[in-house]
Amino acid sequence: MLQCIAVTQVPYAEALLALATMEGGPEHPPDIVEPEDYVLCELGDHDESAEHAAHLWTADAPDDRDLWFLWSGTGAHRVHRLDVLRLCPAVLRELATRTVTTCAYFDHHPGPHSFSVTDPLGDLIAEHVHSEVRRLVSEDDAPGVPGAADVSDVPDVPDTDAP
C-alpha cells in the first residue's frame, strides 16, 4: 500500500510543550522542532475517517511510548492533537532471511502496518542517494581521477602540536 500524502504544519508552541513535558523527551526541544516545520502523514493511504499521523519523538523511557502528531481536516477545519502513544506490537518475521521487522506506528493505528506501506518518493530519493554514493566511491577508487591528490607529491610536514 502507498503512503498517505497529507502534509500539515506542526504547531510550534504546542510541540515544544509536549516535547518538554513528556517522559523521556529530548533535553533541548528546540533542536527537534522548528517554527515552520511541516510533517507528512506516515500511515498507509486512508480515508477521511482516520486521523493522519506523524512521529515526532522516540521517548527514552522503558514503556515504549513515542510522541505523535495526529490531525484531520485541512486549513481552518484542521483539528490536531499531540499524544504520547504506545508502539504497535506487530512484527513481520521472514523465516528465509531470519529478519524481524517491527511496525513503526503506534498501537491500534488505522490501516496496514508500516512494513506494508511503501513511499515511492522516499524510495526514489534513497536510490538516488545510494547511486551517488556508489558513483563517488568508484571515482575515489579509480586511479588518475582528475582533481584527486596524489599522496606521493605531498611533502612531509612536521607535527607542530607534538610536545
Side-chain angles (χ1 to χ4, degrees), residues 1-12 14-16 18-19 22 24-61 63-75 78 80-149:
M1 171 176 272
L2 294 177
Q3 181 176 340
C4 177
I5 58 169
V7 175
T8 195
Q9 189 171 12
V10 178
Y12 181 66
E14 291 176 50
L16 280 180
L19 287 162
M22 75 178 287
E27 288 185 25
H28 194 251
D31 291 344
I32 307 307
V33 65
E34 295 187 17
E36 299 299 319
D37 275 355
Y38 282 80
V39 291
L40 171 67
C41 179
E42 297 177 32
L43 303 175
D45 198 21
H46 53 89
D47 63 22
E48 293 180 22
S49 66
E51 289 179 300
H52 300 290
H55 180 263
L56 291 184
W57 181 256
T58 299
D60 187 16
D63 64 354
D64 290 334
R65 291 177 180 258
D66 293 347
L67 181 63
W68 286 82
F69 178 66
L70 301 111
W71 77 96
S72 61
T74 59
R78 183 185 79 170
H80 67 271
R81 64 188 172 106
L82 288 139
D83 207 349
V84 178
L85 302 169
R86 287 194 183 284
L87 296 177
C88 178
V91 294
L92 175 65
R93 298 177 194 279
E94 294 190 37
L95 299 176
T97 59
R98 294 186 162 185
T99 58
V100 176
T101 306
T102 59
C103 180
Y105 300 152
F106 52 92
D107 200 9
H108 302 294
H109 59 83
H113 298 291
S114 64
F115 40 76
S116 299
V117 175
T118 59
D119 175 10
L121 179 58
D123 294 344
L124 282 173
I125 292 169
E127 178 52 37
H128 177 72
V129 168
H130 290 297
S131 67
E132 282 297 301
V133 168
R134 285 190 299 270
R135 184 184 64 78
L136 292 171
V137 167
S138 68
E139 284 179 2
D140 287 345
D141 290 342
V145 174

Nearest 0.5 Å please: distance from the CG atom of L2 over to the CG atom of D119.
-> 9.0 Å
For residues V117 and Q3, report the shortest heavy-atom separation together with the two atoms involved.
-> CG1-CA, 3.6 Å
Output yes when a side-chain donor or acceptor of D45 lies under 3.5 Å from a complementary backbone atom of C4, and no otherwise.
-> no
How far apart are the closest heavy atoms of W68 and A53, and which atoms are they?
-> CE3-CB, 3.9 Å
Under 3.5 Å: donor-acceptor pair, side chain of D47, backbone of S49 | yes
Report yes or no: does R86 contribute a side-chain atom to a donor-acceptor pair with the main-chain N or O of H108 at less than 3.5 Å?
-> no
For residues L19 and P29, report the shortest heavy-atom separation together with the two atoms involved.
-> CB-CB, 3.9 Å
In this structure, are over 12 heavy atoms from other groups packed under 6.0 Å from D107 atom CG?
-> yes
More than 12 heavy atoms from other groups under 6.0 Å of CG on L92 | yes
T58 and H55, any side-chain heavy atoms less than 4.5 Å apart | yes
Heavy-atom closest contact (P30 atom, Y12 atom, distance) = CB-OH, 4.2 Å
Less than 4.5 Å apart, any side-chain heavy atom of P110 and any of Y105?
-> no
Check whether more than 12 heavy atoms from other residues, nucleotides or ligands sit under 6.0 Å from atom CZ of R134, and answer yes or no.
-> yes
Are any of the side-chain heavy atoms of T102 and L87 separated by less than 4.5 Å?
-> no
Residue that, paired with L56, satisfies side-chain contact (heavy atoms from CB on, under 4.5 Å) out of I32, L82, D37 = L82
Side-chain heavy-atom pair D83, F106 within 4.5 angstrom cut-off = no
Does the ring centre of F69 sit less than 6.0 Å away from the ring centre of H80?
-> yes
Are there more than 12 heavy atoms of other residues, nucleotides or ligands under 6.0 Å from atom CD of E48?
-> no
Please examine the side chains of H46 and H52, heavy atoms only from C-beta on, and report whether any two atoms are closer than 4.5 Å.
-> yes
V39 versus W71, closest heavy-atom pair with distance = CG2-CZ3, 4.0 Å
Work out which heavy atom in A59 is nearest to a heavy atom in R65; give both atom names and the distance.
-> CB-O, 2.8 Å
R135 atom CZ, over 12 foreign heavy atoms within 6.0 Å = yes
Do V33 and L16 pass the side-chain contact (heavy atoms from CB on, under 4.5 Å) test, and can you show the C-alpha distance, the side-chain angles, and the key distance before you say yes or no?
-> CA-CA 7 Å; V33 65; L16 280 180; 3.8 Å; yes
Donor + acceptor pair across side chains of E36, Q9 (<3.5 Å) | yes
Flag if over 12 foreign heavy atoms under 6.0 Å of CD, E127 = yes
